[in-house]
Amino acid sequence: MAVQDEPAGSDFIRDIIKADLDSGKYTPQAVHTRFPPEPNGYLHIGHAKSICLNFNIAAQFGGLCNLRFDDTNPSKEEVEYVESIIRDVRWLGYDWQERMFYASDYFERLYECALGLIRAGKAYVCSLSPDEIRRYRGTFTEPGTNSPYRERSVAENLDLFERMRKGEFPNGAHVLRAKIDMASANLNMRDPVLYRILHESHHRTGEVWCIYPMYDFTHPLSDAFEAITHSICTLEFEDHRPLYDWALENAENLPTRPQQIEFARLNLTYTVMSKRKLLQLVREGHVHGWDDPRMPTISGLRRRGCPPAAIRAFCDRIGVAKKDSTVDVALLEHCVREKLNKTASRYMAVLRPLKVVIENYPADQVEHMQAVNNPEDAASGTRQVPFSREIYIEREDFMEDPPKKFFRLAPGREVRLRYAYFITCTGVIKNESGEVVELRCTYDPATRGGDAPDGRKVKATLHWVSAAHALAAEVRLYDRLFSVEDPDRDGAGESFLDRLNPDSLETLYPCFCEPALGFLDSGQCCQFERMGYFCADPDSTADRPVFNRTVGLRDAWARIQQKGTD
RNA sequence: UGGGGAAUCGUACAACGGCAGUACGCCAGACUCUGGAUCUGGUUAUCCAGGUUCGAAUCCUGGUUCCCCAGCCA
């Protein structure tokens, strides 16, 4: 495994594995898990929970974890998704060495197993229509009815199934079914379909097959083929476990007997997690693609600037249990800040510029101020930031008529420019509509570097950018995609789309950055001092860098303002 | 109203018959050249009703609520 963060905690799944080790059922190196995505969409943070669980468990016990594509439905699956999944799991920091498999690798073996079932009288070809199968299945409270084709002879079943494979029948003409119990209280056991006819090109096997095995048949056998010991999946498959076990018990010549264990999938506040809804957001253009930084997809989080280690830390902290739960997105944001605080270099960038002229500073003078790159990391060193007579500060850092708790610049008030000088506001220039368009200030030459020799204090420190040296950039301010905690909640005639946050993206241009910000690589994260964590977007060009806000800093002033509003 | 699951601070996860704890959030304070970070303190929980026990979140009985299942999806 490529990554090893904090020691993993304990949970009911690890408890089961420990018990299996203690009882001698397995040796530690035999512990074998797998992450089995269907390549029909992009991976999201919910998948990350499963990825971390499976890979970390294997690593913790000294075993292995496979990557396996569950690609048994060619009508929904595409190579684009396969490629994105490989990229995302790697990016998260995990390595499956040579153990990347596809369920489609097993089509021939699965077919042989099906033949074995037929020969043993445990499976039959059913020629009911899909609609008839549904009616014969019965309901929650009424048992099903045996298919009229249930007692076909082995010879006839073999003949029909072979001809299904050869392509002699159209879609839907026949299916292969397990012969279990049409009266079972578990609907999954009422002669479930094992194979269906699908005249469809598969992204890996092409036109070789026109019958495809169902999940319930494929999954347990694939697990067995790969000697998976603990097959971890989500709660909705709990009902399928008897069928999973049935397949393992009745298929011939299986090398091992994996165990299915179910856990609760991740839900996050202020977002949706279902593949269907994420696909809809992309297809209908509510976001700009699968990797839109507002999406909970791995690729979206990556573009947003969220470090993989933060996602891993998050998955570690949310725990694993069987209770349906919705984790507060604030925990994810905390993990992102925690990681970025330690690693992100600091820069100054003014998002909503307000010009300041320092009247007593020489017009042609430029000084280079030494700035600390990261106070949390002494090894990150320092850099020089140019300072001159005309600078930009943040518009929100000035108030003409400040309330009591506002510490920043105001007429007559002195504040510090970070790493530079103390300045005092001496004048306010407005346009004809009364808006403040420029400030006049004076500086105290004795405060160079940001400290007053006489020991006087200021209550605020502002970030700034020299106007003459400023780099104009586009900044994309991202916020939560939905305006309510639970966009999935069913409401009167409303869909989740009605709860999209109209302010989830605000684009700012021009923002003024210190020159060093022109040299960031695409994807690189940094902190804009006092504003938040940002990363360079791939849309950046040489003359117009683009930065995405990953997450803001904790903001005490915003909270004070909020309280004033309440 | 059949079957399968789950109920612990606001949220998530622990406690596995013996002081209900941790993290996030929130509140207050200290410190600070980022109203950041850091530090300190505080806040609030065992679904309900019985029972067993010296002792129950944990075991038993009965209820309640929530989630999943009637694809030739996974």
Side-chain angles (χ1 to χ4, degrees), chain A residues 9-11 15 36-38 40 70-73 75-77 126 128-130 133-135 137-144 171-177 184-190 192-198 211-212 214-216 218-219 233-242 262 264 266 269 275 314 317-335 337-338 341-342 346 348 371-372 375-376 405-408 416-420 422 447 449-451 457-463 485 527-532 552-560:
Chain A
S10 195
D11 53 63
D15 289 346
E38 183 190 13
N40 68 343
D70 220 329
D71 56 347
T72 57
N73 185 356
S75 57
K76 290 187 174 174
E77 296 150 9
C126 179
L128 253 20
S129 70
I133 287 187
R134 181 165 45 76
R135 287 206 300 273
R137 186 152 34 222
T139 68
F140 287 147
T141 49
E142 305 158 66
N171 291 355
H174 311 282
V175 291
L176 183 73
R177 291 229 249 169
S184 172
N186 182 343
L187 266 38
N188 295 121
M189 301 298 271
R190 319 244 260 228
V193 172
L194 265 23
Y195 268 89
R196 76 285 217 189
I197 299 170
L198 233 41
I211 57 172
Y212 291 92
M214 300 287 289
Y215 167 87
D216 283 316
T218 308
H219 209 87
C233 64
T234 43
L235 251 27
E236 69 271 26
F237 292 102
E238 219 153 10
D239 282 352
H240 294 242
R241 198 187 327 132
E262 311 84 10
L266 170 68
T269 56
K275 277 190 185 177
F314 171 74
R317 288 188 203 191
I318 56 177
V320 184
K322 296 191 71 159
K323 180 173 67 164
D324 290 308
S325 62
T326 302
V327 174
D328 193 338
V329 73
L331 180 59
L332 211 212
E333 293 170 350
H334 167 82
C335 293
R337 286 193 191 101
E338 180 180 59
N341 177 47
K342 297 288 184 217
R346 271 109 240 238
M348 291 195 283
V372 173
E376 302 289 323
K405 289 181 177 167
F406 184 85
F407 302 151
R408 283 110 96 145
R416 172 169 36 235
L417 294 176
R418 179 138 233 230
Y419 302 124
F422 284 12
T447 58
D451 281 307
K457 301 284 185 200
V458 287
K459 293 199 81 171
T461 300
L462 310 188
H463 61 281
E485 269 196 32
Q527 185 193 105
F528 290 175
E529 294 226 14
R530 302 208 306 132
M531 302 308 286
L553 259 20
R554 282 182 77 244
D555 189 345
W557 168 238
R559 220 167 288 152
I560 292 166

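Excluded from the calculations below are hydrogen atoms, water molecules and symmetry mates; all remaining heavy atoms, backbone and side chain alike, are included. First the proteins, then the strands, lettered A, B, ... as listed; each starts at 1.
An anti base is found at G50(B): its glycosidic angle is more than 90° from 0.
Base pairing of G62(B) is made with C48(B), judged by Watson-Crick or G-U wobble geometry with both donor-acceptor distances under 3.5 Å. The partner of U53(B) is absent, by the rule that a Watson-Crick or G-U pair needs both atom distances under 3.5 Å. If you check U22(B) for Watson-Crick or wobble pairing at under 3.5 angstrom, you find it paired to A12(B). Nucleotide G17(B): unpaired (no Watson-Crick or G-U wobble partner with both distances less than 3.5 Å). Here A28(B) sits opposite U40(B) as a Watson-Crick or G-U wobble pair (both hydrogen-bonding atom distances under 3.5 Å). Pair assignment for U1(B): none, as no Watson-Crick or G-U wobble contacts are both less than 3.5 Å. Across all strands shown, G35(B) forms no Watson-Crick or G-U wobble pair with both distances under 3.5 Å. The pairing partner recorded for C73(B) is none, the criterion being a Watson-Crick or G-U wobble arrangement whose two distances lie under 3.5 angstrom.
For the pair Arg317(A) and U11(B), the criterion of a side-chain N or O lying under 4.0 Å from OP1 or OP2 is not met. OP1 or OP2 of C13(B) has at least one side-chain nitrogen or oxygen of Ser325(A) nearer than 4.0 Å. Between Lys323(A) and U8(B) there is a side-chain N or O to OP1 or OP2 distance below 4.0 Å.
The nucleotide whose nearest atom lies closest to any side-chain atom of Glu238(A) is, among C69(B), G5(B), U34(B), G5(B). Distance from the side chain of Pro130(A) is smallest for C72(B) among the nucleotides C72(B), C26(B), A74(B). Of the candidate nucleotides U34(B), A74(B), A14(B), A74(B) has the atom nearest to the side chain of His240(A). Here the nucleotide nearest the side chain of Asn341(A), chosen from A74(B), G36(B), G35(B), is G36(B). Here the side chain of Arg554(A) is nearest to one of G25(B), U34(B), G2(B), namely G25(B). Which of G3(B), C27(B), C73(B) sits closest to the side chain of Lys76(A) comes down to C73(B). Nearest nucleotide to the side chain of Leu331(A), out of A23(B), C72(B), G3(B): A23(B). For Asp11(A), the listed nucleotide lying nearest its side chain is A14(B); candidates were U34(B), A14(B), A70(B). Side-chain proximity of Phe406(A) to the nucleotides G35(B), A70(B), G2(B) is greatest for G35(B). Of the candidate nucleotides U34(B), G71(B), U8(B), U34(B) has the atom lying nearest to any side-chain atom of Arg346(A).
Nucleic acid contact for Val320(A): sugar-phosphate only, since backbone atoms but no base atoms lie under 4.0 Å from a heavy atom of the residue. Backbone-only engagement by Thr72(A) is indicated by non-hydrogen atom pairs under 4.0 Å involving sugar-phosphate atoms exclusively.
Proximity of Pro192(A) to Met214(A): side-chain heavy atoms (C-beta onward) are nowhere separated by under 4.5 Å. Using a 4.5 Å cut-off on side-chain heavy atoms (C-beta onward), Leu198(A) and Asn73(A) make contact. At least one side-chain heavy atom of Leu187(A) sits under 4.5 Å from a side-chain heavy atom of Phe140(A). When side chains are defined from C-beta on, Leu331(A) counts as touching Phe314(A), because their heavy atoms get closer than 4.5 Å. Looking only at side-chain heavy atoms (C-beta outward), Val372(A) and Arg346(A) stay at 4.5 Å or farther from each other.
Summarising the geometry of Leu128(A) relative to Arg177(A), their closest heavy-atom pair is CD2-NH2, 4.1 Å, with the distance given to 0.1 Å. For Pro242(A) against Asn186(A), the heavy-atom pair with the smallest separation is CG-ND2, 3.6 Å.
The base of G25(B) lies outside donor-acceptor range of the side chain of Asp328(A), with no N or O pair under 3.5 Å. A donor-acceptor contact under 3.5 Å is formed by the side chain of Glu376(A) with the base of G36(B). With hydrogens and angles left out, the side chain of Arg241(A) and the base of G4(B) share no donor-acceptor pair within 3.5 Å.
In this structure, the aromatic ring of Phe140(A) is positioned over the six-membered ring of the base of C69(B), centres within 5.5 Å and planes within 30°.
Distance check on atom P: C39(B) versus U61(B) gives 48 Å, rounded to whole Å.
In this entry the distance linking CD1 of Ile560(A) with P of G35(B) reads 11 Å, nearest Å.
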